[in-house]
Amino acid sequence: MALSILQYQFMQNAILAGLLGGITCSVVGVFVVTMHLSFIGVCIAHAAFAGALLGLWLGFNPLIGALLFSLASAAVIGPVADRGELNPDTSIGIVFSLMLGLAFLFMGLMPGARTEALNLLWGSILTVTRHNIIFLATMAGVIVALVVAFYKEIQAVICHRQVALAVGIPATLIFYGLLFSTGVTVTASLQSIGGLLIYSLILNPAAAAYQLTYSLKKMLLMAAAFGVASCWAGLAASYLLDIPSGAAIVITSAIIFGLATAFSPKRKVKGWRQVPLAG
Amino acid sequence: MDNTVIRIQDAVVSYREDVALQGVSLQIRKGEFVGIIGPNGAGKTTLLTVINGLGKLVHGQVWVLGSRLNGTNGNSLRKRIGYVAQVENIDPRLPISVREMVMVGCYGRLGLFHRPTRADWEIVDKVLEMVGMAHLSQRPIGHLSGGEYQRAAIARALVQQPEIFLLDEPTASIDQKAQHEILSLIQLIHREYHMTTLFVTHDLRTLPPICQRLILMKEGKVWRQGSPESMLREEVLSQLYEAPISVPNGIAPLQT
């Protein structure tokens, strides 16, 4: 019977990882989507992957490497994009390609079998350990707590960053905090979802929720629900169809996005306008 | 008694190779309504950013509301300065309503970790009523017209309860009817609250008649300043804009 799989520790860990990773990635994804930072997020995800590979190559904890690289890339990209010395697309593209180059370099220099490196690339939610779960739960708790604590400031920055600055909100600090949160989230989810696939789980559930609501709070809740649903449905598909779990999760999240776009009330903007809303 | 609320002394601002402000010195008195005009690139917007602490001085000093801007006190001073910029394109899908956007004006004053109270929301609703936007309070901000967006932006600045009001081309990129409505609103607000107001425009037709003083800027400098009567003359304006300019009849005819 299919449900009997749930009694195994590895599946319980996978379900927990899906819950925690799904919530954290999607919540961070809401900020990435609403602030149009998609390319920055992709870049940070690849930096985390390169950092983890450096850790594997040099023999230190890959998560520390991932965290350092993702935070460093956020610290470089943010100011470069802000100052406008280079076109943001150009500067982010350069950092992105550098990170990808470094990742392949570290992988090439690594001696012996590269199973662990490939696991970081594709992810392996079915092999996450209790230790991974604790790390993921801590990060999820920190991210959700920060969002609750700074909700109004984050909302102001999403609304208009320059206006947020002009009314006396530390908007630059909040903006960099969001970039760093993306880095931390990618790091925490790297082993379960994988460096190549993690970004889809950040982007797709949030982008799906973006199609469905004009309320930021509802968008956060919907995105978290879609993220968790993607993880759990992907896990089920992986078990039932014997396909790689990370790929199943990402494809599920893309299907949810496709459905949300197809049924989006925001595609009927004129129809919406004809019904004046009460004050 | 000295009632100067803004004092700028020999301010120089530079963006890479371009010098946006070249040794500007200026004083603005409490409650004054000052128009700042000049061609594009004259340094008008930069002058406003110097006042709210967002522009970085290469040289010179700025005092605002009794404090010298020193790079660390900008945030606290900005809580007391309302700022309205020109209309920008907003993503129509953005999940922020007009009411939420206007509440952003309160956030700086509330400070970190403090949520808006019912009284704050009541202020927002009252101000939305005042600017004629109460019926659109739940509308996503990306669905507003240019004129509606500017009304919401003015409402946001008002809920800040500012002591200084900076308006940077608030009527740019909106149609004439909306321009007149916005100008009427700005004058109504000044009559009601007597806030020190700086109004930047490159378009003389959108200069509110309530202006008490005009500052003419050119190439990053205060080129001339004086009463509107003495500044709004064809020979002065033609020199300022380096093109033949006729003074518009009855500048910014207003709806009452």
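Since the structure is predicted, the reported quantities are computational estimates derived from the model, not experimental observations. Labels below follow one simple rule: chain letters A, B, ... track the order of the sequence lines, proteins then strands, and each chain is numbered from 1.
Ring geometry for B:His143 against A:Tyr214 counts as perpendicular: the plane angle is over 60°, on a 0 to 90° scale with 30° as the lower cut.
Taking B:Arg115, B:Arg80, B:Met101 one by one and counting their heavy-atom pairs under 4.5 Å with chain A, the maximum is reached by B:Arg115. Interface summary for chain A: among B:Leu112, B:Asn52, B:Leu54, the most heavy-atom pairs under 4.5 angstrom belong to B:Leu112. Heavy-atom pairs under 4.5 Å with chain A peak, among B:Arg99, B:Arg109, B:Arg156, at B:Arg156.
If you measure heavy-atom distances from A:Thr34 to chain B, the contacts under 4.5 Å come from both the backbone and the side chain. Contacts between A:Val30 and chain B at a heavy-atom distance below 4.5 Å are absent for every atom of the residue.
Without hydrogens or angle criteria, B:Lys79 side chain to A:Ala166 main chain gives no donor-acceptor distance under 3.5 Å.
Taking a 6.0 Å sphere around CG of B:Asn89, one finds it holds 12 or fewer heavy atoms contributed by other residues, nucleotides or ligands. Around the CD atom of B:Gln61, the shell of radius 6.0 Å holds more than 12 heavy atoms that belong to other residues, nucleotides or ligands.
When side chains are defined from C-beta on, A:Cys159 counts as touching B:Ile141, because their heavy atoms get closer than 4.5 Å. Considering only heavy atoms from C-beta on, A:His160 comes within 4.5 Å of B:Glu88 through its side chain. Residues A:Val167 and B:Arg78 form no side-chain contact, since every pair of their non-hydrogen atoms from C-beta on lies 4.5 Å or further apart. Residues B:Leu110 and A:Lys152 have side chains in contact (heavy-atom distance under 4.5 Å, counting atoms from C-beta outward). Counting only heavy atoms from C-beta outward, the side chains of B:Tyr83 and A:Leu165 never approach each other to under 4.5 Å. A heavy-atom distance below 4.5 Å is found between the side chains of A:Tyr210 and B:Asp91.
Nearest approach of A:Met219 to B:Pro95, heavy atoms of both residues: SD-CG, 3.7 Å. Annotation for A:Ile169 and B:Gly108: closest pair CG1-N, 4.0 Å, computed over non-hydrogen atoms.
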### Task
Would you check, one step at a time, whether the test side chain to side chain contact (heavy atoms under 4.5 Å, CB included) holds for A:Gln211 with B:Arg93?
CA-CA 7 Å; A:Gln211 308 304 317; B:Arg93 288 177 165 79; 3.4 Å; yes

